[in-house]
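Each remark here refers to the structure printed beneath this line.
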Amino acid sequence: MLDVSQKSRWVRTKKIDAQKQSKASRGGSDVDLTVVIPMYNEEENVRSTIESIEEELSSVSYSWEILIVDDGSRDNTYDIAKDIAESDKNVRVISYPSNAGRGKAMRTGFANAQGRFVVTTDADLSYDARYIKDLADEIMQNEDIDIVIGSPYISGGGAESVPFFRLLISKLGNKIVGYSLGNRLNTVTGILRIYKRSVLDSLELESDGKEIHLEILTKATAVGYKVKEVPAVLKGRKKGKSKFKLRATVISHMTFSLYERPAMLFGFFGFLLIIAGLIFGSYISVLRFLGTLNPGRPLLYLTILSIVVGIQMLSFGFLANQLVYLKKNIFIIQRENKQLEQRLKERETQME
């Protein structure tokens, strides 16, 4: 249930933002770049983050906007952002009454962004605002690149003032998940990215949590979009409370990895069992050669069982990989359907 203040804020948001949001329809915008910033209880960072981004973008030759998505904050995040937006034509704010997760906030931002290119970044600017220009320059100058990722884990990147344990978990998680994606990317969980608008429009995104970063890369690479990494420096949070949750992050990343590469699980244990069976079998052969084999021992049955179960697990891994292949074909079909829908809408608009 929503309290009275949340309800009134939500109603006020709908009324105030209706006119601005109506401009976000596909095709009627001349904005080149949209910076989408999901925020949840970030009252300490709102003003400084917007000011830093505006300072960096003030000298660029292309048009831009900042889109704040308030993910049901319970503090003054929305009120501060709205005050800024009312006097700043480059800032828009969207809000909804309940916290739903970063994925929901980003999907909302994508749906309402007006730019031909869309950047996403953290509310606390864990990556300096200057990287927004770096990513924009990279994708605007390379037509064959569809997504650019800011990476602290490639040459030229790095981390500053980030707790050791959190950085270690991040590096390991990106290694494991990156391997499961099979695209040789070093950073797959970070939010600092820029997308071509056409890429986002063609993907059927569903995630509400932080796994949306993985979902986007999975579907984008599956249908053939090209991704590039550029160096960036990750900094520790200076103000506000971190939203990082170790248990939830580890579980979601491991689940995603096994979902993308089921052979990692079935193959590992399958080979392990087969090797164990062969070792048992070799031991039995030695005992029989020496004449000390006891037929009553269960070692022979254990050997056969290990090899049979190992072969079955390898078979399950093969079948699971076939399902992953079919899933990627589904992503391609979804992209084609989305593109067809968009062309039909544009044709209807032209006819009107």
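All residue numbers refer to positions in the sequence shown, counting from 1.
- Residue Leu302 is not grouped with residue Leu278 when hydrophobic side chains (ILVMFWY) are merged at heavy-atom distances under 4.5 angstrom, including chains of intermediate members.
- Checked by atom type and distance alone, the side chain of Thr49 never pairs as donor or acceptor with a backbone atom of Val46 at under 3.5 Å.
- When only modelled atom types and interatomic distance are considered, Thr34 and Glu65 share a side-chain donor-acceptor pair under 3.5 Å.
- When only modelled atom types and interatomic distance are considered, Ser126 and Asp122 share a side-chain donor-acceptor pair under 3.5 Å.
- Between Asp201 and Arg197, at least one side-chain N (NZ, or NE/NH1/NH2) sits under 4.0 Å from a carboxylate O, which counts as a salt bridge.
- Across Leu125 and Ala129, no two heavy atoms sit closer than the pair CD1-CB, 4.2 Å.
- Of the possible polar contacts, none joining the Ser73 side chain to the Asp75 backbone as a donor-acceptor pair under 3.5 Å is found.
- Residues Thr187 and Pro152 are in side-chain contact: their nearest non-hydrogen atoms beyond the backbone lie under 4.5 Å apart.
- Side-chain contact check for Asp124 and Asn45: no donor-acceptor pair (N or O, by modelled atom type) lies under 3.5 Å.
- Contact between Pro231 and Tyr131 at its shortest, heavy atoms only, is O-CE2, 3.8 Å.
- If you chain together hydrophobic residues whose side chains sit under 4.5 Å apart, Leu135 and Ile145 fall into the same group.
- Under a hydrophobic-cluster definition in which Ile, Leu, Val, Met, Phe, Trp and Tyr are linked whenever side-chain heavy atoms come within less than 4.5 Å, directly or via other members, Ile304 and Phe280 are assigned to the same cluster.
- Using a 4.0 Å cut-off between a side-chain N of Lys or Arg and a carboxylate O of Asp or Glu, Arg107 and Asp208 qualify as a salt bridge.
- Rounding to the nearest 0.5 Å gives a distance of 9.5 Å between CD1 of Ile216 and CD1 of Ile149.
- Shortest non-hydrogen contact noted between Val93 and Ala85 is CG2-CB, 3.8 Å.
- The closest donor-acceptor contact from the side chain of Arg193 to the backbone of Gly190 lies under 3.5 Å.
- In the hydrophobic cluster analysis, where Ile, Leu, Val, Met, Phe, Trp and Tyr join through side-chain heavy atoms closer than 4.5 angstrom, Val60 is grouped together with Ile50.
- In terms of heavy atoms, Ala136 sits closest to Tyr62 at CB-OH, 3.4 Å.
- Side-chain N or O atoms of Asn99 include one that pairs as donor or acceptor with a backbone N or O of Asp71 at under 3.5 Å.
- Of all heavy-atom pairs spanning Ala100 and Lys104, the tightest one is CB-CG, 3.5 Å.
- Environment of OH in Tyr283: sparse, with no more than 12 heavy atoms of neighbouring residues, nucleotides or ligands closer than 6.0 Å.
- A salt bridge links Lys219 with Glu215: the closest approach of a Lys/Arg side-chain nitrogen to an acidic carboxylate oxygen falls below 4.0 angstrom.
- For Tyr195 and Phe110, the ring centers are positioned less than 6.0 Å apart.
- Using a 4.5 Å heavy-atom cutoff, the side chains of Val227 and Leu217 are in contact.
- Atom CD of Gln312 has more than 12 neighbouring heavy atoms from other residues, nucleotides or ligands inside a 6.0 Å radius.
- With contacts defined as side-chain heavy-atom distances shorter than 4.5 Å, the pair Glu229/Leu185 qualifies.
- Residue Tyr127 is grouped with residue Leu167 when hydrophobic side chains (ILVMFWY) are merged at heavy-atom distances under 4.5 angstrom, including chains of intermediate members.
- For the pair Val69/Tyr96, a side-chain contact is recorded, criterion being any heavy-atom separation below 4.5 Å from C-beta on.
- With no hydrogens or angles considered, a side-chain donor-acceptor pair links Asp32 and Ser63 at under 3.5 Å.
- Between Tyr225 and Ser198 the shortest heavy-atom distance is OH-O, 4.1 Å.
- The closest side-chain donor-acceptor pair between Asp70 and Thr77, if any, does not fall under 3.5 angstrom.
- The shortest side-chain heavy-atom distance between His213 and Ile191 falls under the 4.5 Å cut-off.
- Using a distance-only test at 3.5 Å, with no hydrogens or angles considered, no donor-acceptor pair links the side chain of Arg74 to the main chain of Tyr40.
- Looking at heavy atoms from C-beta onward, Lys226 lies out of side-chain contact with Ile147 at the 4.5 angstrom threshold.
- Counting heavy atoms of neighbouring residues, nucleotides and ligands inside a 6.0 Å radius, atom NZ of Lys196 exceeds 12 of them.
- Formation of a donor-acceptor pair under 3.5 Å by the Asn142 side chain with backbone atoms of Glu138 is found in this model.
- With contacts defined as side-chain heavy-atom distances shorter than 4.5 Å, the pair Leu57/Ile132 qualifies.
- At least one side-chain heavy atom of Ile37 sits under 4.5 Å from a side-chain heavy atom of Ile53.
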